[in-house]
Amino acid sequence: MTALKAWPNAVCHVTMCAMTDGIGIIGAGVAGLHLGLYLQQHGVPHTIYSDKSAEQVARGRMLNTVAHHNTTVKREQALGVDHWDLREYGYFCHHHYIGPTPETPELRFPGDFEAPSRAIDYRVYLPKLIEDYTSRGGDFRVQPSVGPDDLAKATEGHDLVVVSTGKAGLSSMFPVRRDGMPFEAPARLLCGGLYHGITYSDPKGVTMSVAPGHGEVLEIPMYSRDGFVTVLLFENVPGGDTEVLAHANYEEDPKAFNDLVLDKLKTHHPAIFERVDHASFGLTGPEDVVQGAIRPTMREDYAELPDGRFAIAVGDAHNVVDPVIGQGANSASYSAYTLGEAITEDPNFDERFCRTYAARRADRVNAIFDWTNLMIGLPPAPHLLQVLGSMSASRPLADEFTNNFNYPERQWDNLATPARAQAFLARHGLG
């Protein structure tokens, strides 16, 4: 590799530029596309490699149940891909429901964002961004997935390789951190789907419903291929009453599946069940459900390839988190955008570059990982329960907690230890 690279039209503005194949981006999810769009804006040569075309993504199964918080929306605005007006497609708050226990009554309380979030089905979102990218002259190549053993050859000529997908075992290139596997098995068994027949909350928001001992439901207003629908993401505690949803087969008996979902909503999540129209309720289709489990994993930030170049992990290749607080896609976007900034500021892709970039994103990415794992820990941490219970008595506390979905490092500052949680409550005159 040459010791110095400078990109035409990039931030460094060096006149004499070494022309190379620049950056190779493996994967076209939110991380790969946000990075590609950023580099495109700044004149940095690069190529995005995907195993699916825009049309294949649009026609495929539901990929996830993600929402983008306003900090991510602002990055979309900066990238010129803000296609969904927040006044129509956004949501504005969280509605919390915590079910009763023998010691505590049920709790219902709201928390507001300072600026809206939104949820767009990735079968709508990703194809639109691919269209944006290619219409602006982007180099988007559809080809079969490559594994770790083939990556160096497949990306020959690129000065830096960015791996933004864990497909084909690519995440295994990056060793698991010693602190990166906090659970021996998944803490939740998941069942997420798109549904008709649920009236949106007023004001329009996400409902975060907790059934102690059984799990959580995230109810998310989403725009999908069928227009406006509702996500129900069941986060089921293994062995709890709702675990059956993670194993139920919609295609074998759609009515039985829908009836089972209704029964679990009625029993454990009444704040959502109360807004169901039984005549029209149901999953929107057999491709609109995802089931499985995630074992939270944090990996090393980069790896050296056999030829001496470096590969950097972003998105799912770097870390996977349970979707209980909806931070995975926001983390991936943040990592990608931050990497784009680093590339335009210092196009020397050696190990120092990799270490500096890793430090630059570490606080937010690590905070997301640790905060998510706190939320799914069993038994729940007493200081977390104290904060959640106190939110029902303090709207300012609930608003700050809600708005910090945009700023996970601030949230973790408040929740990392019992002492920090007490200070958080004391700041709001509680505790």
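What you see is a predicted model; the values in this text were computed from it and never measured. These values consider heavy atoms only, across backbone and side chains, with no hydrogens, waters or symmetry-generated copies.
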### Query
Take atom CD in Glu156; do more than 12 heavy atoms of anything else shown fall under 6.0 Å from it?
no

### Message
Is the ring pair Phe405/Phe401 parallel, tilted or perpendicular, if the boundaries are 30 and 60 degrees?
### Response
perpendicular

### Task
For Asn330 and Gly326, indicate whether the former's side chain and the latter's backbone hold a donor-acceptor pair under 3.5 Å.
yes

### Query
Taking all atoms of both residues into account, what is the closest heavy-atom pair of Leu35 and Ala336, and its distance?
CD1-O, 3.5 Å

### Task
Please confirm whether His196 and Phe228 have ring centers closer than 6.0 angstrom.
no

### Task
Determine, for Asp121 against Arg225, whether the closest basic-nitrogen to carboxylate-oxygen distance falls under 4.0 angstrom.
no

### Message
When you measure from the centre of the six-membered ring of Phe424, is the NZ or CZ of Arg427 closer than 6.0 Å and no more than 45° off the axis?
### Response
no

### Query
Do we see a donor-acceptor contact under 3.5 Å between the side chains of Ser280 and Asp277?
yes

### Query
What do you reckon, is CD of Gln56 surrounded by more than 12 foreign heavy atoms closer than 6.0 Å?
yes

### Task
Go through the structure and list residues passing salt bridge (charged side-chain N to carboxylate O under 4.0 Å, His left out) with Arg75, not counting sequence neighbours.
none

### Task
Applying salt bridge (Lys or Arg N to Asp or Glu O under 4.0 Å), run through Asp82 and Arg118 and close with a yes or a no.
CA-CA 11 Å; Asp82 180 25; Arg118 68 181 168 212; 2.8 Å; yes

### Message
So Arg361 and Val314, do their side chains get closer than 4.5 Å, heavy atoms only?
### Response
yes

### Query
Does the pair Glu341/Arg360 count as a salt bridge with the N-to-O cut at 4.0 Å?
yes

## Note on the structure
Smallest heavy-atom separation, Tyr357 atom then Ser335 atom, equals OH-O, 2.7 Å

### Task
For His318 and Val365, work out which heavy atoms get closest and say how close.
CE1-CG1, 3.7 Å

#### Entry: Working for side chain to side chain donor-acceptor pair (under 3.5 Å), residues His95 and Thr207
CA-CA 5 Å; His95 300 277; Thr207 296; 5.6 Å; no

### Query
Asn366 and Trp412: side chain to side chain contact (heavy atoms under 4.5 Å, CB included), yes or no, with the steps?
CA-CA 9 Å; Asn366 291 341; Trp412 191 235; over 6 Å; no

### Task
Would you check, one step at a time, whether the test side chain to side chain donor-acceptor pair (under 3.5 Å) holds for Tyr97 with Glu106?
CA-CA 7 Å; Tyr97 172 85; Glu106 73 171 28; 3.0 Å; yes

### Message
A side-chain contact here means heavy atoms from C-beta on lying under 4.5 Å apart; do Ile272 and Leu232 qualify?
### Response
yes

### Task
Could you tell me whether Tyr125 and His68 have their ring centroids closer than 6.0 angstrom?
yes

### Query
Distance only, no hydrogens: is a donor on one side chain within 3.5 Å (strictly under) of an acceptor on the other, for Asp322 and Thr372?
no

### Task
Can you label the angle between the His94 ring and the Tyr91 ring as parallel, tilted or perpendicular, going by 30° and 60°?
parallel

### Query
Between Leu170 and Gly147, what is the shortest heavy-atom contact and its length?
CD2-C, 3.7 Å

### Message
Is there a side-chain contact between Val163 and Phe174 in this structure, where contact means two heavy atoms from C-beta onward sitting under 4.5 Å apart?
### Response
yes

### Task
Taking atom NZ of Lys266 as the centre, report whether more than 12 heavy atoms of other residues, nucleotides or ligands fall under 6.0 Å from it.
no

### Task
Supply the atom-to-atom distance Lys204 NZ to Thr199 OG1, rounded to the nearest 0.5 angstrom.
13.0 Å

### Message
Show, in sequence, the C-alpha distance, side-chain angles and deciding distance for Arg61 and Asp288, and conclude whether the salt bridge (Lys or Arg N to Asp or Glu O under 4.0 Å) test is met.
### Response
CA-CA 6 Å; Arg61 294 189 64 86; Asp288 297 341; over 6 Å; no

### Message
If you define the side chain from C-beta out and look only at heavy atoms, does anything of Glu400 sit under 4.5 Å from His428?
### Response
yes

### Query
Should Arg141 and Asp139 count as an ion pair when the cut-off is N to O under 4.0 Å?
yes

#### Entry: Straight-line distance of Leu129 CG to Leu79 CG, nearest 0.5 Å
8.0 Å

### Nearest atoms (heavy-atom pairs only) where Ala119 meets Val66
CB-O, 3.7 Å

#### Entry: Check: Asp316 and Thr165 side chains under 4.5 Å, non-hydrogen atoms
no

### Task
Check the pair Arg275, Glu219 against salt bridge (Lys or Arg N to Asp or Glu O under 4.0 Å), reporting the backbone distance first and the verdict last.
CA-CA 11 Å; Arg275 290 182 278 109; Glu219 177 223 350; 2.7 Å; yes

### Message
Counting the benzene-type ring for Trp, do His69 and Phe92 have ring centres under 6.0 Å apart?
### Response
no

### Query
Do the side chains of Met222 and Ile120 get nearer than 4.5 Å, heavy atoms only?
no

### Query
Which pairs count as salt bridge (Lys or Arg N to Asp or Glu O under 4.0 Å) when at least one residue sits in residues 168-191, sequence neighbours excluded?
Arg177-Asp179, Arg188-Glu216

### Message
Can you give me the closest heavy-atom contact between Ile48 and Gly32, atom names plus distance?
### Response
CD1-O, 3.7 Å

#### Entry: Between CZ on residue Arg108 and OG on residue Ser392, distance to nearest 0.5 Å
13.0 Å

### Task
Begin with the C-alpha distance, continue with both residues' side-chain angles, and end with the deciding distance and a verdict on salt bridge (Lys or Arg N to Asp or Glu O under 4.0 Å) for Arg136 and Glu131.
CA-CA 9 Å; Arg136 299 169 190 174; Glu131 177 188 331; over 6 Å; no

### Message
Quick one, Ile26 and Val162 - any side-chain contact, counting heavy atoms below 4.5 Å?
### Response
no

### Task
Kindly determine whether Tyr223 and His83 satisfy ring pair (Phe, Tyr, Trp, His ring centres under 6.0 Å), including the steps that lead there.
CA-CA 12 Å; Tyr223 183 77; His83 299 295; over 10 Å; no

### Identified ring pair (Phe, Tyr, Trp, His ring centres under 6.0 Å) partner of Phe257 from the options Tyr250, Phe281, Tyr195
Tyr250

### Message
To the closest 0.5 Å, what do you measure between CG (Leu425) and OG (Ser390)?
### Response
4.5 Å

### Query
What about Tyr38 and His42, are their ring centers closer than 6.0 Å?
yes

### Message
Set out, in order, the CA-CA distance, both residues' side-chain angles and the distance that settles side chain to side chain contact (heavy atoms under 4.5 Å, CB included) for His214 and Thr267, then state yes or no.
### Response
CA-CA 11 Å; His214 303 287; Thr267 303; over 6 Å; no

### Task
Hey, could you give me the CG/SG distance between Asp112 and Cys93, rounded to the nearest 0.5 Å?
5.5 Å

### Query
Just one of Glu235, Glu243, Gln291 clears the side-chain contact (heavy atoms from CB on, under 4.5 Å) bar with Cys191, so which one?
Gln291

### Task
Report the distance from atom CG of Leu283 to atom CE of Met62, rounding to the nearest 0.5 Å.
7.5 Å

### Message
Checking Ser117 against Asn70 for the side chain to side chain donor-acceptor pair (under 3.5 Å) test, could you report, in this order, the C-alpha distance in whole Å, the side-chain angles of both residues, the deciding distance, and whether it holds?
### Response
CA-CA 5 Å; Ser117 300; Asn70 198 261; over 6 Å; no

### Task
Would you check if Asp301 and Arg355 make a side-chain contact, meaning some heavy-atom pair closer than 4.5 Å?
no

### Task
Measure up the Phe349 and Phe353 rings against each other and bin them: parallel (under 30°), tilted (30 to 60°), perpendicular (over 60°).
perpendicular

